[in-house]
Amino acid sequence: MKTIIFAHRGASKEAPENTMPAFELGYEQGAQGIETDVQLTKDRVPVLIHDEKINRTSNYKGYVKDFTYQELSQLDFGSWHSSKYKGASIITLDSFLEWAQHKSLLINIELKTNVLEYEGIEEIVLDRINHYDMFNRTVCSSFNPNTIKRLHHLDPRLEIALLTKQKLKNLDSTLHKIGSRAFHTKYRNLSESLVKACKSHKIPLRIYTVNNPAHMIRCFHLGVTGIFTDLPALALEYKKIVEETNHS
Ligand code: G3P
C-alpha cells in the first residue's frame, strides 16, 4: 500500500504552522494531505491553531477561547517563525476548506478537545465539512474519546480516528466501541505487529510526527496508510526512492 504524506499543520518546518503560507507550501511541494487543528474562539468561530493559548505562535498572550475572531485576526501569527512571515494571520476553518475544496487534497482535522471541551465543536466542524462538500476526503481526529463518540453519533459514515500516544490493547474492539474507524499514533508505537493488526481489521493507520528520514523509510516499507510530517518535500523524496528501489 502506498503511504499518503500529510503536511502536519502545513509544511510547518518551513512556514508558520496552521497558516495559509504553510498550507500553500505543503500543497505546492506535493503533499497529498493536509493536517490541521481546530479550536473555538469566544464567538464560536472555528479557527486553526494547535495550542489552547496563542502565546507560542502569535505576538500576544491568552486563550483562544477568550478572544473573538475579529480580535485574533488583528494579531501576527507569522513573526514567531521568521521575519519572512511577519503578519501571517490566523485562519478560520471555513477559509481553509474553501481553499482546499478545489484541490485534490485529503484533509485531517484534529479537534483539540483534549484540554478544553469546546461544547458543540463537533457539530460546528461537521457542518462546515458538509457545507464545503468535503465529507468524502476528510478524516476527523481527536485525543478525546468523547469527541470521537459525539462525531460518530452525528454521522456514523464519517471517517474518525482516535489519536493516542499510548499503545492500545485490543485495538479493534477499543476503536469499534467509540466509533473510531482509523488509528493515529506516535512513531514510537509503530511496529510490524501493529501494522499487521490494522491491516487485518482494515483500520487505516497513520503515524505522527515523522520528520526523520530513517523513520520515513520504515513507515514506507511497512506500508502504513499515512504519515504526518513537518517536512513533506523531504518525505516525498524518500517515498520516491523507496518506491523506485521496490520496483528495481
Ligand atoms: O494529528 C497528528 C498530530 O498532530 C497529533 O499530535 O500534538 O501535533 O496535535 P499534536
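This chain uses plain numbering: 1 for the first residue, then up along the sequence. For ligands, and for the atoms within them, numbers begin at 1 and follow the listed sequence. Bear in mind that the values here come from a model prediction, so they are computed numbers and not experimental data.
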Subject >> Y208, any N or O under 3.5 Å of ligand 1 N or O >> reply: no
**OP:** Assess E35 for proximity to ligand 1: is some non-hydrogen atom of it under 4.0 Å away?
**Re:** yes
Original post:
Is the shortest distance from a heavy atom of R9 to ligand 1 less than 4.0 Å?
Top reply: yes
**OP:** Tell me yes or no: between the side chains of N146 and T113, is some donor less than 3.5 Å from an acceptor?
**Re:** no
**OP:** Determine whether the side chain, the backbone, both or neither of T209 has a heavy atom under 4.0 Å from any heavy atom of ligand 1.
**Re:** neither
Subject >> Contact partition for K112 relative to ligand 1, non-hydrogen atoms under 4.0 Å >> reply: side chain
Original post:
So, the side chain of N144 versus the backbone of K112: is there a donor-acceptor pair under 3.5 Å, distance only?
Top reply: no
**OP:** Report yes if some heavy atom in the side chain of I5 is under 4.5 Å from a heavy atom in the side chain of Q32; otherwise report no.
**Re:** yes
Original post:
Do the side chains of T185 and L190 get nearer than 4.5 Å, heavy atoms only?
Top reply: no
**OP:** Begin with the C-alpha distance, continue with both residues' side-chain angles, and end with the deciding distance and a verdict on salt bridge (charged side-chain N to carboxylate O under 4.0 Å, His left out) for R206 and E110.
**Re:** CA-CA 13 Å; R206 303 182 184 92; E110 183 188 339; over 6 Å; no
Original post:
What about F23 and F96, are their ring centers closer than 6.0 Å?
Top reply: yes
Original post:
In terms of residue, atom name and distance, what is the protein heavy atom nearest to atom 5 (C) of ligand 1?
Top reply: E110 OE1, 3.6 Å
Subject >> Heavy-atom nearest neighbour in the protein, as seen from atom 4 (O) of ligand 1, with distance rounded to 0.1 Å >> reply: H8 NE2, 2.7 Å
Subject >> For H50, the ligand 1 atoms whose distance to one of its heavy atoms is below 4.0 Å >> reply: 7 (O), 8 (O), 9 (O), 10 (P)
